[in-house]
Colleague: 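Have a look at this one.
Atoms within a ligand are numbered from 1 in the order they appear, just like the ligands themselves. Residue indices begin at 1 and follow the sequence shown.
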Amino acid sequence: MANVVIVGTQWGDEGKGKIVDLLTEHADFVVRFQGGNNAGHTLVVEGKKYVFHLIPSGILYENKMCFIGNGVVLDPGVLLEEMDKLAASGLPVNPQRLMISERAHLIMPYHRLLDSCSESALASGKKIGTTGRGIGPCYGDKILRKGIKAGDLLDAPSLMEKIRENLEEKNFLFSKKFNADPLAPEAVYDEYMQHADRLAPYIDNVSVALDNGRKAGKHILFEGAQGTQLDIDHGTYPFVTSSNTIAGNACTGSGFGPSHIDCVIGILKAYTTRVGEGPFPTELFDPTGDELQKKGGEFGATTGRKRRCGWLDGVIAREAVRLNGINGLAITKLDVLSGQPTLKLATSYEADGKTLNAMPGNIKTYAKMQPIYEDLAGWSEEITQARSVEDLPAKARDYVKRIEEFTETPAYILSVGPGREQTMLLNNPFQK
Ligand code: IMP
């Protein structure tokens, strides 16, 4: 029995989808615990392409149970669309395969509208570059205790009352502040009651189901979305997402006790990318950055935006190890670095003549920070065919070794391409 959490160590898009897919083979349950349909990953299985935003990709495997925990913000229309697409590809989803926490908060149409209105109202330089999916406003209402939960779909009168109360306030904002059309409570209610009809059989107590599974010896995989530097508390605030993306939230966001987690895996892309606005100390604004972007196919899976690219940042990698308690790293996209004569690893920053070894809490410091780099030799060989560490050129092995040394964390997995077979599983966390 092992319960494993997977998190991103950077700004998301580290290639979690592929690693989650790989480790799902060894799990019985797969759990989403935070974020919503701001996340996204694409998987190609037996020539068919699947794009997931909400449902864990574990749904592709028979006999795996998938869970959407209380920490997720759920857009029911998007979930149903995802379920319909799966059904159209011959993979019907049913309540024996997917459970939704009654405590998960629902993204409402006014959250999406508020997201786009607030973002447009921000001055340039202050924009977050959100995905526009209503994530922040939904979490905002949760914290303000005005949220509507999946369980409310099962109680029609209470749903209507909550929609009315919320819209009274939000419509005031739409018409008076944002110059947008107000929303009719009845229309929102009708739409959500239609969702309720279809989703009701899936809504249950996820915490109880996970605990029963644990006691029965099931292997549970907790699948994080986004990355450590997008964490609402520990990331580059305010240029972050609105949830805790770090491993601790696997427990809070699903109702699973912390002492039952056995292993945390941090996904580390061999270089760094970021979508949206915000600080990115090792960002490259030169042809090398363009090369990484092109070779790595660095476009956001949810919004299709070009990802900003830069060198590997050891400071944030160490930060991720500390914040998440990472036991092992999965280093992805090593193949994208082939052909770079020299690789750079940021080992600290300098600001106002001082050396910084951790990410500063004050966003203003980032503008003054310069990364201090260590040069590492690159390799010229393509490595997409490597299937074991011995197949890698010595310089690529040295790069991995240096990451392990610098982060004081062993590599459990190396990935050299998008295919399942292009992965070296050096240490299986489910066999700890
Ligand atoms: P939000 O999560 O839509 O509110 O967006 C807040 C910030 O998080 C923006 O910079 C987004 O680009 C970023 N973000 C949200 N989800 C992801 C993701 O899955 N990968 C990478 N960046 C993300």
Side-chain angles (χ1 to χ4, degrees), residues 6-20 32-43 51-57 71-75 78 82 105 107-108 110-122 124-143 223-246 249 253 266-269 271-280 283 293 296-310 316 320 332-333 363 366:
I6 293 188
V7 289
T9 59
Q10 296 152 318
W11 279 281
D13 308 313
E14 296 92 352
K16 286 183 294 295
K18 176 186 151 170
I19 305 299
V20 166
R32 272 285 305 267
F33 55 88
Q34 48 76 226
N37 58 314
N38 48 350
H41 54 257
T42 308
L43 285 178
V51 183
F52 294 94
H53 295 290
L54 275 167
I55 304 180
S57 54
V72 170
V73 283
L74 180 69
D75 189 323
V78 173
E82 221 165 277
H105 280 249
I107 296 182
M108 306 298 289
Y110 47 82
H111 291 137
R112 287 192 300 268
L113 189 56
L114 272 173
D115 198 355
S116 59
C117 288
S118 322
E119 187 74 2
S120 318
L122 289 172
S124 122
K126 299 226 159 165
K127 289 191 194 296
I128 310 290
T130 72
T131 58
R133 304 296 193 264
I135 307 294
C138 183
Y139 277 118
D141 276 351
K142 171 176 173 173
I143 300 301
E223 170 185 346
Q226 291 89 41
T228 301
Q229 287 303 321
L230 288 171
D231 184 277
I232 185 79
D233 284 289
H234 300 284
T236 46
Y237 189 91
F239 301 98
V240 291
T241 190
S242 298
S243 62
N244 285 112
T245 57
I246 60 173
N249 199 19
I267 316 291
L268 180 76
K269 193 172 341 196
Y271 50 99
T272 313
T273 60
R274 172 163 206 170
V275 252
E277 307 302 320
F280 180 176
E283 183 167 10
Q293 196 275 327
E298 296 293 356
F299 291 95
T302 299
T303 56
R305 289 178 287 181
K306 247 189 193 181
R307 295 176 185 148
R308 300 152 64 191
C309 296
I316 74 168
T332 59
K333 293 197 145 183
I363 197 75
Y366 287 89

Colleague: Between T303 and ligand 1, find which residue part has any heavy-atom pair under 4.0 Å and reply side chain, backbone, both or neither.
Modeller: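 No part of T303 is near ligand 1 at this cut-off.
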Colleague: Just going by heavy-atom distances, which of L230, T236, T273, D13 is nearest to atom 13 (C) of ligand 1?
Modeller: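 Comparing heavy atoms across L230, T236, T273, D13, the nearest one to atom 13 (C) of ligand 1 lies in L230.
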Colleague: Could you tell me if D141 and H105 have a donor-acceptor pair between their side chains, going purely by distance under 3.5 Å?
Modeller: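 The answer is no; no qualifying pair exists.
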Colleague: Polar-atom distance check: N38 versus ligand 1, any N or O pair below 3.5 Å?
Modeller: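 Yes; at least one N/O pair falls below 3.5 Å.
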Colleague: Would you give the length of the straight line joining atom OG1 of T245 to atom CD of Q229, rounded to the nearest 0.5 angstrom?
Modeller: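 Between atom OG1 of T245 and atom CD of Q229 there are 8.5 Å.
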Colleague: Going by the order shown, which atoms of ligand 1 are within less than 4.0 Å of some heavy atom of V275?
Modeller: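 Taking each heavy atom of V275 in turn, ligand 1 has 10 (O), 12 (O), 21 (C), 22 (N) under 4.0 Å.
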Colleague: May I ask you to check if ligand 1 and R133 share an N or O to N or O distance below 3.5 Å?
Modeller: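 In this structure, R133 places no N or O atom under 3.5 Å from an N or O of ligand 1.
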Colleague: Heavy-atom count around Y237 OH within 6.0 Å, excluding the residue itself: above 12?
Modeller: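 No, not enclosed.
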Colleague: What distance do S116 atom OG and R133 atom CZ have between them, rounded to the nearest 0.5 Å?
Modeller: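 With rounding to 0.5 Å, OG (S116) is 11.0 Å from CZ (R133).
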Colleague: Taking both backbone and side-chain atoms of S242, is any N or O found less than 3.5 Å from an N or O belonging to ligand 1?
Modeller: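 No: no nitrogen or oxygen of S242 is under 3.5 Å from one in ligand 1.
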Colleague: Using a 3.5 Å cut-off on N or O atoms only, is T241 in polar contact with ligand 1?
Modeller: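 Yes; the residue has a nitrogen or oxygen that sits under 3.5 Å from a nitrogen or oxygen of the ligand.
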Colleague: Would you mind finding which of N37, I128, D115 brings a heavy atom closest to atom 10 (O) of ligand 1?
Modeller: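 Comparing heavy atoms across N37, I128, D115, the nearest one to atom 10 (O) of ligand 1 lies in I128.
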Colleague: Evaluate R305 for polar contact with ligand 1, using N/O atom pairs at a separation under 3.5 Å.
Modeller: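 Looking only at distances, the answer is yes, because the N/O contact criterion of under 3.5 Å is met.
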Colleague: Considering distance alone, does some N or O of G12 sit under 3.5 Å from an N or O of ligand 1?
Modeller: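 Looking only at distances, the answer is no, because the N/O contact criterion of under 3.5 Å is not met.
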Colleague: How far does OG1 of T228 sit from CD1 of I267, to the nearest 0.5 angstrom?
Modeller: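 The OG1 atom of T228 sits 10.5 Å away from the CD1 atom of I267.
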Colleague: Among K306, R305, K333, which residue satisfies the salt bridge (charged side-chain N to carboxylate O under 4.0 Å, His left out) criterion with E298?
Modeller: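 Answer after filtering K306, R305, K333: K333.
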Colleague: Going by the order shown, which atoms of ligand 1 are within less than 4.0 Å of some heavy atom of G129?
Modeller: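 The list of qualifying atoms is 9 (C), 10 (O), 11 (C), 12 (O).
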Colleague: Salt bridge check: are R307 and D13 linked by an N-O gap of less than 4.0 Å?
Modeller: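 D13 and R307: salt-bridged.
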Colleague: Between Q226, E14, Q10, E119, which one has a non-hydrogen atom sitting closest to atom 16 (N) of ligand 1?
Modeller: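 Comparing heavy atoms across Q226, E14, Q10, E119, the nearest one to atom 16 (N) of ligand 1 lies in Q226.
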Colleague: Do T303 side-chain atoms and T131 backbone N/O form a donor-acceptor pair below 3.5 Å?
Modeller: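 No; judged by distance alone, with no hydrogens or angles, the pair does not exist.
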Colleague: Keeping Q226 on the side-chain end and T241 on the backbone end, is there a donor-acceptor pair under 3.5 Å?
Modeller: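 Such a contact is absent between Q226 side chain and T241 backbone.
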Colleague: Quick check on A225 - does any of its heavy atoms sit under 4.0 Å from an atom of ligand 1?
Modeller: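 It does not, in that no heavy atom of A225 comes within the 4.0 Å cut-off of ligand 1.
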